[in-house]
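Report on one structure; see the data block that follows.
Below, read A as the first sequence line, B as the second, and so on, with proteins coming before strands; counting in each chain starts at 1.
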2 protein chains.
Amino acid sequence: MARKNAFYAQSGGVTAVINASAAGVIEAARANKDVIGKVYAGRNGIIGALTEELIDTSKESKSAIEALKYTPGGAFGSCRYKLKDLKTSQREYERLIEVFKAHNIGYFFYNGGGDSADTCLKVSQLSEKMGYPIQAIHVPKTVDNDLPFTDVSPGFGSVAKYTAVSCREAALDVASMCATSTKVFVMEVMGRHAGWIAAAAGLAKEEADDAPHLILFPEIAFDKAAFMKKVEATVKKVGYCVIVVSEGARYEDGTFLADAGTTDAFGHKQLGGVAPVIAQMVKDELGYKYHWAVSDYLQRAARHIGSATDMEQAYAVGRAAVEFAVAGKNAVMPTVERKKTKKYSWTIGEAPLKKVANVEKAMPRKFISKDGFGITPSAREYLLPLIGGESYPPYKDGLPQFAKLKLVPVAKKLNDVFEV
Amino acid sequence: MARKNAFYAQSGGVTAVINASAAGVIEAARANKDVIGKVYAGRNGIIGALTEELIDTSKESKSAIEALKYTPGGAFGSCRYKLKDLKTSQREYERLIEVFKAHNIGYFFYNGGGDSADTCLKVSQLSEKMGYPIQAIHVPKTVDNDLPFTDVSPGFGSVAKYTAVSCREAALDVASMCATSTKVFVMEVMGRHAGWIAAAAGLAKEEADDAPHLILFPEIAFDKAAFMKKVEATVKKVGYCVIVVSEGARYEDGTFLADAGTTDAFGHKQLGGVAPVIAQMVKDELGYKYHWAVSDYLQRAARHIGSATDMEQAYAVGRAAVEFAVAGKNAVMPTVERKKTKKYSWTIGEAPLKKVANVEKAMPRKFISKDGFGITPSAREYLLPLIGGESYPPYKDGLPQFAKLKLVPVAKKLNDVFEV
């Protein structure tokens with residue numbers, strides 16, 4: 001087999017462990033030097049391929065690549081740039097092949113969610129059509145946990161762990177002050193379409209009266225009366241109430257709670273955030289003193305409390321992608337497969353991109369309790385192993401030491417400017 | 001010396017390490033059984049003393065008390081209940097002495113901030129007057145870092161560490177997405193009166209272009225024009241801009257930015273939070289896509305990323321309080337004294353409550369950079385050691401295992417109900 005270079009790009013919202021996948025790709029490629037030449041990373045994701053802004057990862061030291069396992073964010077830059085179908089985005093797809101050809105790239109590793117799985121598939125299809133062979137492998141990643149065929153999307157386990165840990169901690173704070181101060185604490189988490197992250201907060205609960213007392217899922221239409229009833233009953237019984245709300249929480253008609261509460265008839269601008277809306281609603285209805293938190297990017301960047309399981313899986317799918325390529329595979333995605341063992345264990349599986357692309361995995365209704373405000377034992381059984389183990393970054397002077405890459409650009413070979 | 005019992009109470013907003021002080025008090029008392037009988041904790045702070053709701057800490061196991069070192073929140077409950085001067089609150093002070101007398105309490109350990117130092121002093125004064133001797137020792141605690149005479153207020157180091165770590169992490173997320181997505185990220189931190197916590201975020205910065213790019217302190221009147229200019233210049237130079245804002249950020253006239261932005265002429269209710277106000281202001285003026293976070297209680301409960309230095313100091317002031325009492329001292333507070341060594345080191349000092357009570361330590365102006373948007377090298381020199389070392393709680397199944405106390409009540413001896 002003639003030695004070809006590889007292209008790696010990060011796509012969409014980043015996670016606490018997407019760089020662990022990058023480390024997996026780069027380390028596995030280095031271990032297969034007879035087949036794979038250099039790994040070029042796209043600066044700011046796929047845009048870097050379109051504009052021919054490639055980063056030569058061979059210039060990075062072994063320890064710098066190792067440090068990627070502990071570094072949040074996207075080390076090479078990511079982007080939200082969706083390539084559509086082959087006809088609509090024909091210009092972009094052809095440009096990709098052109099750049100790949102110019103740099104002798106025969107492997108395309110695309111690290112992202114559902115959209116990028118689709119792009120990955122199309123690159124593989126087009127390369128066949130254009131007679132320039134590219135093996136396109138998708139590396140799964142998303143905090144949203146909505147990729148199909150894989151037991152979990154790498155990136156989810158760490159945000160889940162952050163959420164469960166933070167909820168348990170904050171609840172202790174509220175509990176200790178509730179006699180004279182805050183009675184209701186609202187914590188907003190990510191998840192516009194699915195309540196996976198909100199569900200993970202449920203892991204904080206051990207006993208019936210523990211927090212979180214209510215979880216608001218996007219999957220369950222908000223029922224204000226039932227909600228208020230449960231909040232009041234909780235404060236009366238437990239003394240305080242911790243509510244976890246998904247940013248995607250919505251009314252029966254699909255309106256987001258966040259939207260409904262923060263714009264008004266006078267056209268005042270939306271300040272955003274569903275947590276303050278819920279908090280104010282409780283105050284208005286029940287009169288309880290409240291506090292609220294919106295952790296936003298902090299939750300998906302919180303590498304300091306990363307899940308060891310998640311980190312290992314993110315790394316493993318990166319490695320597996322390269323091993324698949326070396327084995328001659330194309331248009332596939334490595335998956336995490338949960339083994340049917342009593343003690344949680346997993347292995348790497350494989351899914352064809354044709355089946356993966358643009359399919360969203362929803363959270364099963366059986367994961368949400370009957371009243372719609374909590375998680376079930378089966379949700380707990382699924383979620384708990386994903387936050388297992390603590391993967392701490394190294395510290396110096398009290399601060400985490402993250403990877404510092406040289407990000408050496410690859411000399412351009414095409415003499416044109418491609419506008420994105 | 002006749003053996004007397006001790007009373008311990010937590011006061012005001014809790015911290016990630018206030019329970020480490022409780023552990024210090026209880027362990028030191030257990031080590032001085034010849035002098036100190038039982039340690040009774042006030043349920044919900046001083047209110048527990050007034051209502052005679054005492055918790056018998058002698059019923060707690062050695063390992064449960066040890067676990068307090070790793071447990072956030074206030075294990076016995078805290079409260080916001082300010083005793084005023086001896087005349088105004090005469091009824092309460094007398095009641096305290098009455099309850100202490102009934103339970104043979106000769107030592108009063110009060111774990112709180114400036115207000116509780118004052119209460120502590122008054123209890124000591126009144127006990128003399130009433131001829132019932134109480135040695136009152138104040139145990140310093142507050143995330144606000146505003147206690148005088150001590151180099152640092154235990155509790156501050158951990159929230160400082162959380163803030164610096166979270167800022168560094170989130171900045172990596174923003175940096176990796178800024179080409180096509182969020183350009184401005186606003187992170188709100190606690191500190192209504194002083195910018196200590198906001199200043200700590202400045203520790204995340206290593207190089208000139210690192211985050212945070214702007215810090216908004218309560219100490220510096222908000223200058224919108226200068227602010228916008230710097231935000232725009234930062235986005236143009238660095239590609240993105242991370243802003244840390246103290247909840248106490250205010251205009252020249254003293255109005256909080258949070259207030260100004262979230263109530264309007266139509267009387268629409270305040271949703272709270274200065275972060276969304278700043279974010280929206282930037283969007284309106286400069287058009288940048290933004291995200292914002294408000295970590296609220298998460299920051300002061302974040303025991304999972306506690307500062308080892310802070311934990312050790314919180315524990316040490318608890319121990320020292322008991323040792324002071326055993327040595328016959330009264331109306332004093334153990335302090336953290338920074339030694340004049342090259343490598344950071346500290347010891348326990350002592351301050352008389354007469355000097356401590358109701359004095360607030362402000363952040364020195366020399367800690368804030370000339371332009372008002374950053375911290376100086378002298379601030380860094382002061383702050384950095386306080387976040388030194390990682391004190392991780394133990395984990396099981398991916399979740400931190402916090403203390404579970406029995407909280408056995410002490411049988412009441414007074415036959416009356418005291419209304420608080």
Proximity breakdown for B/Ile47 and chain A, heavy-atom pairs closer than 4.5 Å: side chain
Taking every non-hydrogen pair under 4.5 Å, which of A/Gly388, A/Pro400, A/Ser295 racks up the most with chain B? A/Pro400
Does any part of the side chain of A/Val245, heavy atoms only, come nearer than 4.5 Å to the side chain of A/Trp292, both counted from C-beta? no
Short question: side chain of B/Gln401, backbone of B/Pro394 - any donor-acceptor pair under 3.5 Å? no
Max heavy-atom pair count under 4.5 Å with chain A, selected residue of B/Gly157, B/Ala204, B/Ser181, B/Ala301: B/Ala301
Between A/Thr15 and chain B, which part of the residue has a heavy atom less than 4.5 Å away: side chain, backbone, both or neither? neither
If you tally heavy-atom pairs under 4.5 Å between each of A/Ala275, A/Pro393, A/Cys178, A/Gly77 and chain B, the highest tally belongs to A/Gly77
Measure distances from B/Thr180 to the heavy atoms of chain A and classify the residue's part below 4.5 Å as side chain, backbone, both or neither. side chain
Quick one: what part of B/Thr309 sits under 4.5 Å from any heavy atom of chain A, side chain, backbone, both or neither? neither
With chain B, the option among A/Ala293, A/Gly13, A/Gly45, A/Ala170 that has the most non-hydrogen atom pairs under 4.5 Å is A/Ala293
Please identify, among B/Ala179, B/Gly389, B/Ala302, B/Gly12, the residue contributing the most non-hydrogen atom pairs under 4.5 Å to chain A. B/Ala302
Beyond-backbone contact of A/Phe156 with A/Thr142, side-chain heavy atoms, under 4.5 angstrom: no
Residue among B/Glu390, B/Lys283, B/Arg43 with most heavy-atom pairs under 4.5 Å to chain A: B/Glu390
Hey, does A/Leu384 have a side-chain heavy atom less than 4.5 Å from the side chain of B/Leu399? yes
Looking at side-chain heavy atoms only, is the closest gap between B/Val242 and B/Cys167 below 4.5 Å? yes
Checking B/Gln10 against chain A: side chain, backbone, both or neither under 4.5 Å from a heavy atom? neither
Plane angle bin for A/His291 and B/Tyr297 - parallel if under 30°, tilted between 30 and 60°, otherwise perpendicular: parallel
Are B/Arg300 and B/Ser158 linked by a side-chain donor-acceptor pair shorter than 3.5 Å? no
Check whether any side-chain heavy atom of B/Thr182 lies under 4.5 Å from a side-chain heavy atom of B/Met177, and answer yes or no. no
Considering only heavy atoms, which portion of B/Ser307 lies under 4.5 Å from any heavy atom of chain A: side chain, backbone, both, or neither? neither
At a heavy-atom separation under 4.5 Å, does B/Phe402 approach chain A through its side chain, its backbone, both, or neither? side chain
Please state whether the rings of B/His304 and B/Tyr162 are parallel, tilted or perpendicular, taking 30° and 60° as the class boundaries. perpendicular
Chain A interface, residue from B/Asn44, B/Val420, B/Leu298 that has the most non-hydrogen pairs under 4.5 Å: B/Leu298
Whatever's closer than 4.5 Å to a heavy atom in chain A on B/Asp397 counts as both
Counting C-beta onward and ignoring hydrogens, is there a side-chain heavy-atom pair between A/Val14 and B/Leu172 closer than 4.5 Å? no
Chain A heavy atoms under 4.5 Å from B/Tyr344: which part of the residue, side chain, backbone, both or neither? neither
Side chain, backbone, both or neither: which part of A/Glu206 has a non-hydrogen atom closer than 4.5 Å to chain B? side chain
I would like to know whether B/Tyr290 and B/Val186 meet side-chain contact (heavy atoms from CB on, under 4.5 Å); could you show each step before the answer? CA-CA 8 Å; B/Tyr290 64 77; B/Val186 185; 5.6 Å; no
